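What follows is a single structure, written as structure tokens, with notes after it.
Keep in mind that what you see is a predicted model, and the values were worked out from it rather than measured.
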Amino acid sequence: MAGNDWINSYLEAILDAGGAAGEISAAAGGGSGVEGASGEKRDKSSLMLRERGRFSPARYFVEEVISGFDETDLYKTWVRTSAMRSPQERNTRLENMSWRIWNLARKKKQIEGEETSRLSKQRREREKARQYAAADFSEDLSEGEKGENSNEPSIHDERTRTRMPRIGSTDAIEAWTSQHKDKKLYIVLISIHGLIRGENMELGRDSDTGGQVKYVVELARALGSTPGVYRVDLLTRQISAPDVDWSYGEPTEMLSPICSENFVHEMGESSGAYIVRIPFGPRDKYIPKEHLWPYIQEFIDGALVHIVQMSKVLGEQVGSGQPVWPVVIHGHYADAGDSTALLSGALNVPMVFTGHSLGRDKLEQILKQGRQTRDEINATYKIMRRIEAEELCLDASEIIITSTRQEIEQQWGLYDGFDLTMARKLRARIKRGVSCFGRYMPRMIAIPPGMEFSHIAPHDVDLDGEEGNEDGSASPDLPIWADIMRFFSNPRKPMILALARPDPKKNITTLIKAFGEHRELRNLANLTLIMGNRDVIDEMSSTNAAVLTSVLKLIDKYDLYGQVAYPKHHKQSEVPDIYRLAARTKGVFINCAFIEPFGLTLIEAAAYGLPMVATQNGGPVDIHRVLDNGILVDPHNQNEIAEALYKLVSDKHLWAQCRQNGLKNIHQFSWPEHCKNYLSRVGTLKPRHPRWQKNNDATEISEADSPEDSLRDVHDISLNLKLSLDSEKSGSKEGNSNIVRRHLEDAVQKLSGGVNASSVEGLSENGRWPSLRGRKHIIVIAVDSVQDADFLQVVKNIFEASSNGRLSCSVGFVLSTSKSISEIHALLISGGIETSDFDAFICNSGSDLCYPSSSPEDMLSPAELPFMVDLDYHSQIEYRWGGEGLRKTLIRWAAEKNNESGQNVFVEDEECSSTYCISFKVTNTEAVCFFSLLVPSVKFSTDFFFIFSSC
């Protein structure tokens, strides 16, 4: 085919490009008539190739054809080419070219189809699991309730309907203030990691001292200045390490109140907000949050003591002598949430939780990068322990506060304890008074963080001239301005400002690449990187040091000297001046993190009149929806980042419009409105407080001998008694028994040491309640796995060892068993053991708690057994106990297993079952295996899952 050299060159381009062409085709948009954004990217890509001197017409042709035409059209072209070829023509290069182009497009479509099928399969499996979990709930929903969420998975519409009206004027704030000023609320906030203090916060010092620290301090300060709130305590860790400031070792720090005209005149009686530092963990060492998990129980002990004491003090001040308990305990981040869940249960106080950054989402993000395995991630971040704590918070919290709706839909939806559709169904059932079968999910509420704007006075900007203050005078240069300007060869250019610590997820390196490879942007603007404070890079954490080193290498690679500023130090009080400097140069603020939970710096920048370029993943989406003051970008696309920055700094009118929008709408993120929404939501919670019963007849225990730091005692001195019954049955039974007895005596002596026996003697003689609370240590005996005779012998051995102790009265005994209380009574009587030797009995697999009693009015009927049932314990486990629903599920499960085996393997044991214990018998142990154990009986209770052999 003479004269077809151009066809030969195109075919050679396809053959030479090989995988590169395939990559181009995979990256470009498929389908006929692809235009818009994808077309712009192709044009830019080709232009860049031309600018670099590597533009190839053949490659451009292949890219345009594969991206611009459907695979079916390319197939028809190949068929037509084959049909039109003359039989005499032996040159088939045009036909081959058409076939190869079609084949590339076909492979591209095949890959896309396989990926779509894989994602669709995952969605179907996930939906199937959720439908199975919701099977018991959907049948009772009315049509109106189903309509709330059946067709729309997003929560945007529902949140719009139920969202409380925002405070939009001073009059509304004053009206709300006068309505709530007479309340005297006590609120406890918990945030245990990082360096927390009220002034000169060292934000960016490390990964633990970031936006969360600033948020919780400002939240405490704002709540403490809110009418109706008497006191706010922010509990954190006391640190007396030589490498941190002495102020972090102060036990208490009062936060200065917000100087706002809305609060000053109507504050009413208030004791304000305080940072209370609880000592736990190594006293002289500052440790990262990943290493705080072993010391959580120690923190809980200290926090419990503080809250109880403070409640009594507040009761004397404003509670008419009655303790003023916290209206809510609010945990921040997983470690504090774990502590808050346990404190909430111990004090019977409602819990609120804010995750800030969730473990499952972080795990998914790191796995997508492909740099670390799951085990490596867990070893570095203790991610599984963090996820476990967050699941606990889902179960214990009544309200979970998020910054954005995206966090609810995309992040919390990854957890086993929360499903958006299921949560709506449960709320609908609760409103109708329909049983939820024990299922519970917390209320998710999006309340954006606040900011104090009273001290901010953004200057007027002349689009054609310099910026001035309100009176027209020039602003004097500040020290931090000089420290930044010294980096620039032309400091008058607009400043692109990034304020983030050197963390990989903040994506600073992509920002530098975008700036360095966009020539027009480099000529038009400067780049300022405020990356925390540092002295020597080698002394920083390995992760932060690696990011900072990469930044310096990229600056050198693109020769950005004179165009990029990266000062080593700045004070927290100088951050507003940095924003002002960027606004003065008509600059732009950028946050291009891979995912940003909220983006408080975006609100701060907007308050000073800076337009924004922000990531499209996370909180900036909601911020942009309200402020409309910038551009959202894909953080993985450096070209998109560069174009957005260039568009804002090059278009003066667009810059001015974004600035004006931000200043006009910024009031919607004020602290007064945040606190109003916060307290309004907290006010909907049912008030709860401790209901500890007092024994007025019993001897009071002195404060010095009270069981303080109980959890720490258990952690520090654990009694682990391992009794070898097999060795006793062998020939040397007597010798082994003596060894066991000596070990028991040593353990009891260790536990009893240093306890004043007189303080606990006689507590149960005249009192109705047992002396359990007067014990310093408790030994729980749980040996259901042995025969009755061996069981009695074990108990006698422990009692004998205890009686030989010097101060045996300081140690109490609790018997834990799956047996009923009547079975326990008969067994102990047969062995000659008095029931009064025990302080308490945990029976029916944990569903009953009984105390020995000689009072006739307390004896159990109808057998008149000498025991008293703890009804408060029943009330405790009744909370969220869906016994009837669980029973139906277990019966259905047992029926399925019986059908599979063809025999009645599982039979409900109605005799051993009770209100809070569901018991099943296994008739054929050979047909069933639970956790590799053959068991003849299985019991379920509200809090425990027991697998044991019947005696």
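- The CE atom of Met451 sits 15.5 Å away from the CD atom of Gln668 when rounded to the nearest 0.5 Å.
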Practice prompt. I would like to know whether Trp671 and Thr226 meet side-chain contact (heavy atoms from CB on, under 4.5 Å); could you show each step before the answer?
Written response: CA-CA 10 Å; Trp671 274 122; Thr226 303; over 6 Å; no

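- Proximity of a side-chain donor or acceptor of Gln411 to a complementary backbone N or O of Asp361 within less than 3.5 Å is not detected.
- A distance-only check finds no donor-acceptor pair linking the side chain of Thr252 to the backbone of Val276 [under 3.5 Å].
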Item to complete: Would you please test His356 and Tyr215 for side chain to side chain donor-acceptor pair (under 3.5 Å) and show each step?
Response: CA-CA 10 Å; His356 293 280; Tyr215 169 75; 5.9 Å; no

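- Of the inter-residue distances, the one linking Ile187 atom CD1 with Leu679 atom CG reads 5.0 Å to the nearest 0.5 angstrom.
- At distances below 3.5 Å, not a single donor-acceptor pair connects side-chain atoms of Ser397 with backbone N or O atoms of Leu394.
- Taking the ring centroids of Tyr851 and Phe867, they lie at or beyond the 6.0 Å cut-off.
- In terms of the ring-ring contact (aromatic ring centres under 6.0 Å, His included) criterion, Tyr286 has no residue partners (sequence neighbours excluded).
- Here the closest heavy-atom approach between residue Cys393 and residue Met351 is recorded as SG-CE, 3.8 Å.
- A 4.5 Å side-chain heavy-atom check between Thr404 and Glu407 finds at least one atom pair inside the cut-off.
- The minimum heavy-atom distance linking Phe418 with Met441 is given by the pair CA-SD, 4.0 Å.
- Checked by atom type and distance alone, the side chain of His332 never pairs as donor or acceptor with a backbone atom of Gln212 at under 3.5 Å.
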Item to complete: Start with the C-alpha distance between Val232 and Leu185, add both sets of side-chain angles, then the distance that settles side-chain contact (heavy atoms from CB on, under 4.5 Å), and finish with yes or no.
Response: CA-CA 8 Å; Val232 177; Leu185 302 180; over 6 Å; no

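- Across Ala273 and Gly224, no two heavy atoms sit closer than the pair CB-CA, 4.1 Å.
- Paired with Glu398 under the rule salt bridge (Lys or Arg N to Asp or Glu O under 4.0 Å), one option of Arg688, Arg443, Lys686 passes, and it is Arg688.
- With respect to Lys214, the side chain to side chain contact (heavy atoms under 4.5 Å, CB included) criterion is satisfied by exactly one of Ile196, Leu219, Leu600: Leu600.
- Between the side chains of Ser256 and Glu199, at least one donor N or O sits under 3.5 Å from an acceptor N or O.
- No donor-acceptor pair closer than 3.5 Å links the side chain of Ser853 to the backbone N or O of Met868.
- In this structure, the side chain of Thr340 engages the main chain of Ala336 through a donor-acceptor pair within 3.5 Å.
- The closest side-chain heavy-atom distance from Pro690 to Trp325 is below 4.5 Å.
- With respect to Asp335, the side-chain hydrogen bond (donor to acceptor under 3.5 Å, both in side chains) criterion is satisfied by exactly one of Arg386, Lys289, Arg237, His193: His193.
- We find the CZ-CG distance between Arg439 and Asp419 to be 8.5 Å, quoted to the nearest 0.5 Å.
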Discussion item. Run the side-chain contact (heavy atoms from CB on, under 4.5 Å) test on Leu358 and Trp412 for me, step by step, so that the C-alpha distance in whole Å, both residues' side-chain angles and the decisive distance to 0.1 Å come before the verdict.
Written reply: CA-CA 8 Å; Leu358 300 183; Trp412 280 114; 3.6 Å; yes

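- No cation-pi contact links Arg277 to Tyr248, judged by a cut-off of 6.0 Å to the six-membered ring centre and 45° from its axis.
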Item to complete: Before giving the answer on side-chain contact (heavy atoms from CB on, under 4.5 Å), spell out for Arg197 and Thr236 the whole-Å C-alpha distance, their side-chain angles and the decisive distance to 0.1 Å.
Response: CA-CA 10 Å; Arg197 63 183 178 187; Thr236 187; over 6 Å; no

Discussion item. What verdict does the salt bridge (charged side-chain N to carboxylate O under 4.0 Å, His left out) test give for Glu390 and Lys362, after you've listed the backbone C-alpha separation in whole Å, the side-chain angles of each residue and the deciding distance to 0.1 Å?
Written reply: CA-CA 13 Å; Glu390 288 162 347; Lys362 181 170 184 175; over 6 Å; no

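- In plain terms, the two heavy atoms of Ile400 and Pro442 that are nearest each other are CD1-CG, 3.7 Å.
- Residues Ser847 and Ile877 approach most closely at O-CD1, 3.6 Å, considering heavy atoms.
- Residues Asn844 and Tyr916 fail the side-chain proximity criterion, which asks for heavy atoms closer than 4.5 Å.
- Residues Pro672 and Lys676 fail the side-chain proximity criterion, which asks for heavy atoms closer than 4.5 Å.
- Under the 3.5 Å distance criterion, the side-chain polar atoms of Ser344 are matched with a main-chain donor or acceptor of Val349.
- Using a 4.5 Å heavy-atom threshold, the side chains of Ile190 and His330 count as separate.
- Nearest heavy atom pair, residue Gly198 against residue Ile275, reads N-CD1, 3.7 Å.
- With values rounded to the nearest 0.5 angstrom, Tyr678 atom OH is found 6.0 Å from Leu223 atom CG.
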Discussion item. Walk me through whether Gln406 and Gln410 qualify under side chain to side chain donor-acceptor pair (under 3.5 Å).
Written reply: CA-CA 6 Å; Gln406 181 268 352; Gln410 300 182 18; 3.2 Å; yes

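- Here the side chain of Asp870 pairs a donor or acceptor atom with the backbone of Tyr873 at under 3.5 angstrom.
- In this structure, Ser403 OG and His674 NE2 are separated by 8.0 Å, a value rounded to the nearest 0.5 Å.
- Separating the OG atom in Ser339 from the CD1 atom in Ile192 is a distance of 4.5 Å, to the nearest 0.5 Å.
- Looking only at side-chain heavy atoms (C-beta outward), Arg360 and Asp416 come within less than 4.5 Å of each other.
- In terms of modelled atom types and a separation under 3.5 Å, the side chain of Asp233 and the main chain of Leu235 share no donor-acceptor contact.
- For the residue pair Ser247 and Glu253, no side-chain donor N or O sits within less than 3.5 Å of a side-chain acceptor on the partner.
- Side-chain contact between Arg231 and Met310 is present, with at least one heavy-atom pair separated by less than 4.5 Å.
- Electrostatic pairing of Glu218 and Arg221 counts as a salt bridge here, judged by a charged N lying under 4.0 Å from a carboxylate O.
- Looking at heavy atoms from C-beta onward, Ile329 lies out of side-chain contact with Phe353 at the 4.5 angstrom threshold.
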